[in-house]
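Let me begin by presenting the structure, written as structure tokens, before commenting on it.
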Amino acid sequence: MEITDQMFNDWVREHQRFLFGIAYWWTGSRTDAEELTQEAFLQAYRSRASLRDVELVKGWLVGILRHCHSQMRRRTKSREEVSFDEMIYEPEGRPTLSADALALHQSLEKLEERHRLPVVLFYFQDLSYREIAEALELPIGTVMSRLARARQKLHELMNAPTKLVLMKKAGSL
């Protein structure tokens, strides 16, 4: 099936916010996320003939975005990566996160990338196993096992007893 310019433009309109959200998650910067999203769509347009199944366009676009992100990281290797804590406190008008959401995001940061990415794509971006497999160029069984391992690790991290440091108030002996 030949992909027309109109079909491609429809995909851009339909998936632009979705790809930007993933790019922002990875980069922590609105500017970098916009650049990454734009580069991914440019690469997708150039390689649109390689899409085997239009039903999998979302996963295909994520795969291209992932590739573009890898290239960007290689180009900017000297720059330090932004941590999630920095993303939260960067003054760009982000909403305040609840304690549970903050704990989840901090736990996600502790996962290896190979486990974190399927979690983000499955739970936060609503991709199917098949779309994730296509995007990450993995067998579906591998995606499923990585999600299972990630859920187990997140469960352990989220249920780990927190160590609170209690400070004695003067005169409260």
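Given the structure is predicted, the values throughout are model-derived calculations rather than measurements. Only this structure's heavy atoms are used, side chains among them; waters, hydrogens and symmetry mates stay out.
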With sequence neighbours left out, what residues match His15 under ring pair (Phe, Tyr, Trp, His ring centres under 6.0 Å)? none
So, Glu34 side chain and Thr31 main chain: donor-acceptor pair closer than 3.5 Å or not? no
Determine whether a donor-acceptor pair (N or O, by modelled atom type, separation under 3.5 Å) exists between the side chain of Arg116 and the backbone of Leu108. yes
If you count every heavy atom of other residues, nucleotides or ligands that lies below 6.0 Å from Arg48 atom CZ, does the total exceed 12? yes
Does Gln71 have more than 12 heavy atoms from other residues, nucleotides or ligands lying within 6.0 Å of its CD? yes
CD1 of Ile140 to OG of Ser128, rounded to nearest 0.5 Å, is 7.5 Å
Mind checking whether Ile3 and Leu56 sit in one hydrophobic cluster, side chains of I, L, V, M, F, W, Y counted as touching below 4.5 Å? no
Could you report the tightest heavy-atom contact between Ser29 and Asp32, atom names first, then the distance? OG-N, 3.2 Å
CZ (Arg114) and CG (Leu117) are apart, to the nearest 0.5 Å, by 12.5 Å
Let me confirm one number: the CG-CZ distance from Asn9 to Phe41, rounded to the nearest 0.5 Å. 10.5 Å
Heavy-atom check, side chain of Leu121 versus side chain of Tyr129, under 4.5 Å: no
Would you say Leu42 and Ile22 are hydrophobically clustered, going by side-chain heavy atoms of ILVMFWY under 4.5 Å? no
Between Ile132 and Phe122, is any pair of side-chain heavy atoms under 4.5 Å apart? yes
Are Val57 and Met7 linked, directly or through other ILVMFWY residues, by side chains that come within less than 4.5 angstrom of each other? yes
Exceeds 12 heavy-atom contacts within 6.0 angstrom, atom CD of Glu39: yes
Just by modelled atom types, is the Ala23 backbone N or O under 3.5 Å from a matching donor or acceptor in the Thr27 side chain? yes
First locate atom CD of Glu113, then atom CZ of Arg66, and finally report the distance between them rounded to the nearest 0.5 Å. 9.5 Å
Interatomic spacing from CD in Gln38 to CD in Gln16 - rounded to 0.5 Å: 9.5 Å
Below 6.0 angstrom between ring centroids: does that apply to Trp25 and Phe124? yes
Between CD on residue Glu109 and CG on residue Leu157, distance to nearest 0.5 Å: 12.0 Å
Side chain to side chain, Phe18 and Leu61, heavy atoms closer than 4.5 Å: no
Parallel, tilted or perpendicular: rings of Phe8 and Tyr45 (30°, 60°): perpendicular
Any side-chain heavy-atom pair of Glu156 and Lys153 under 4.5 Å: yes
Heavy-atom pair of closest approach, residues Ser50 and Ser47: OG-O, 2.6 Å
Identify whether the distance between the nearest side-chain nitrogen and carboxylate oxygen of Arg130 and Asp53 falls below 4.0 Å. yes
Heavy-atom side-chain contact between Val119 and His115 under 4.5 Å: no
Side chain proximity check, Glu14 to Lys58, heavy atoms < 4.5 angstrom: no
Within the 4.5 Å heavy-atom criterion, are Leu65 and Phe20 side-chain neighbours or not? no
Near Arg52 CZ, under 6.0 Å, is it more than 12 heavy atoms from other residues, nucleotides or ligands? no
Please report the closest heavy-atom contact between Leu51 and Val54, naming both atoms and the distance. CD2-CA, 3.9 Å
So Trp26 and His69, would you call those rings parallel, tilted or perpendicular, with 30° and 60° as cut-offs? parallel
Non-hydrogen side-chain atoms of Ile64 and Cys68 separated by less than 4.5 Å: yes
